[in-house]
Amino acid sequence: MSYKILTIDILQEYIMDIEVIGAYLGGGDITIDEIGDGNLNFVYIVTNTINQKSLIVKQAVPYLRIAGEGFPLSRDRMKFEIRALSFYASLVPNLVPQIYYQDEDMSLVIMENLSEHIIMRKGLIDRVYYPYFAEHISSFLAKTLFFSSSLYLSSSDKRALVDRFNSNTQLCKLTEDFVFTLAFMDDETNDINPDLIKEAQSLFNENEFKKNILKLKYIFMTQNDALVHGDLHTGSIMLNEKESYVIDPEFAFVGAFGFDIGALIANMINSYISHIYRSGDEKYRDWILETIREIYRGFEAKFLNLWSQYPNSALLKEGFIANDELDEFKKEFMQNIFSQSVGFAGCKMARRVFGIAGVEEIRGIEDSQKRQDAQMMALRVGKELILNYQSISDVDKLIETIKK
Ligand code: ADP
Ligand code: MG
């Protein structure tokens with residue numbers, strides 16, 4: 001099928017003609033609603049009002065949805081989203097929405113409607129506790145990263161994986177520009193709080209900070225550790241108290257181990273900071289920090305456990321090295337993943353302060369003084385993580401740093 005944009009008036013006919021979809025939805029009255037909170041793509045909820053069956057239709061258009069046709073963006077991104085969702089479905093089927101239908105040529109995916117789940121960013125703003133989230137997301141991270149890495153795959157399978165994902169050039173470039181560059185220099189895309197112009201200027205002139213940004217950007221650009229989601233913020237997670245789902249992996253590519261972990265930690269810290277000013281709820285803030293600790297510890301334990309089950313891979317051959325030396329190697333290896341994650345978390349936090357895309361929990365604080373204070377604190381923590389990413393040695397130290 002050659003590509004066409006499924007406007008709302010032709011969407012119903014188009015999807016009902018797809019056999020599996022027609023059969024899934026069944027006969028009856030269909031309603032279609034557009035969900036407006038995504039940035040890049042068109043997302044619709046389709047519901048059969050008779051039997052209440054529903055699904056999500058997501059299609060990429062050859063431009064950026066929020067900006068319009070004047071901002072072209074290859075719809076190839078949907079190809080990578082489909083591929084990543086399929087890969088995740090094979091590893092962690094309970095942690096991603098089920099795919100009902102996919103068509104790379106149409107840049108289209110039709111998937112399970114997570115009707116009982118909400119976007120995590122919103123849940124965190126409303127101070128909802130998610131007791132299983134750390135358990136779920138640490139499994140997601142450990143399994144998706146381990147099984148797509150050279151610690152598990154054979155050399156040829158790993159290279160085939162890189163081939164399938166690493167032409168996601170435009171979205172990787174967006175990250176290089178917006179996460180690692182433009183938010184840290186004078187640029188017209190920035191959105192600087194007028195009361196913080198002085199702070200922005202002084203940040204833009206800090207050389208140690210900028211050198212570390214370059215180190216981290218270089219790791220982002222060149223390291224091919226494992227398949228990363230590429231945009232794992234709390235807006236890419238839908239959940240309730242019992243279940244968690246990762247959505248929207250259109251930025252997926254084979255990149256650095258620490259990138260998704262860093263993104264997630266950054267967003268949890270932003271939420272922590274926002275509640276100093278939003279609610280002042282200390283108990284909730286403690287829960288956020290404890291969750292960060294559990295996520296990292298859980299990830300590390302699960303990742304190492306998987307590693308111990310697979311002694312042969314592209315990297316390792318049984319008998320190559322004595323066991324205690326191997327343990328030492330693994331320890332350093334995990335240390336490196338942690339440092340990187342801290343550095344990436346810092347970049348993700350700092351870039352949200354002056355850069356194009358702020359986060360609702362902080363930019364949405366109504367009182368302008370409190371908003372400014374929260375932005376300053378996010379900047380301070382982000383900067384601290386970037387400057388010290390190589391010396392913050394474990395998650396307990398990270399949490400101490402945040403508290404301080
Ligand atoms: P974009 O790529 O444009 O950012 P997202 O994948 O983030 O789009 O989806 C936009 C919004 O659509 C999400 O914030 C969420 O509210 C909703 N959404 C996306 N996928 C699902 C799903 N499987 N079930 C329910 N809602 C979804
Ligand atoms: Mg998206």
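Numbers here simply count residues along the sequence, with the first being 1. We count ligands from 1, going down the list as the structure has it; atoms in each ligand are counted the same way.
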Of all the atoms in ligand 1, which lie at a distance below 4.0 Å from a heavy atom belonging to [X]?
| X | value |
| --- | --- |
| Ile119 | 13 (C), 14 (O), 15 (C), 16 (O) |
| Met111 | 20 (N), 23 (N) |
| Val43 | 8 (O), 9 (O), 10 (C), 12 (O) |
| Met238 | 21 (C), 25 (C), 26 (N), 27 (C) |
| Asn113 | 24 (N), 25 (C) |

For the residue pair Arg65 and Asn39, confirm or rule out a side-chain donor-acceptor distance under 3.5 Å. no

For residues Asn168 and Glu250, is any side-chain donor paired with an opposing acceptor at under 3.5 Å?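 There is no such pair between these side chains.
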
Separation between CG of Asn48 and CD1 of Ile50, rounded to the nearest 0.5 Å: 6.5 Å

Separation between CZ of Phe220 and CZ of Phe253, rounded to the nearest 0.5 Å: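 Spacing of CZ (Phe220) from CZ (Phe253) equals 3.5 Å.
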
Does Lys58 come within less than 4.0 Å of ligand 1, judged by its heavy atoms? yes

Proximal candidate to atom 24 (N) of ligand 1 [heavy atom criterion; set Val109, Leu114, Leu40]: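 Residue with the shortest heavy-atom distance to the ligand atom: Leu114.
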
If you take the nearest heavy atom of each of Glu112, Glu34, Met78, Arg121, which one is closest to atom 23 (N) of ligand 1?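 Checking each option, the heavy atom nearest atom 23 (N) of ligand 1 is found in Glu112.
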
Note: Asn41, heavy atoms under 4.0 Å from ligand 1, region reported as both

Do Asp327 and Lys331 pass the salt bridge (Lys or Arg N to Asp or Glu O under 4.0 Å) test, and can you show the C-alpha distance, the side-chain angles, and the key distance before you say yes or no? CA-CA 6 Å; Asp327 287 343; Lys331 214 170 127 191; over 6 Å; no

Do Phe147 and Phe87 pass the ring pair (Phe, Tyr, Trp, His ring centres under 6.0 Å) test, and can you show the C-alpha distance, the side-chain angles, and the key distance before you say yes or no? CA-CA 10 Å; Phe147 286 115; Phe87 184 78; 8.7 Å; no

Would you check if the side chain of Thr181 reaches a backbone N or O of Phe178 as a donor-acceptor pair within less than 3.5 Å? no

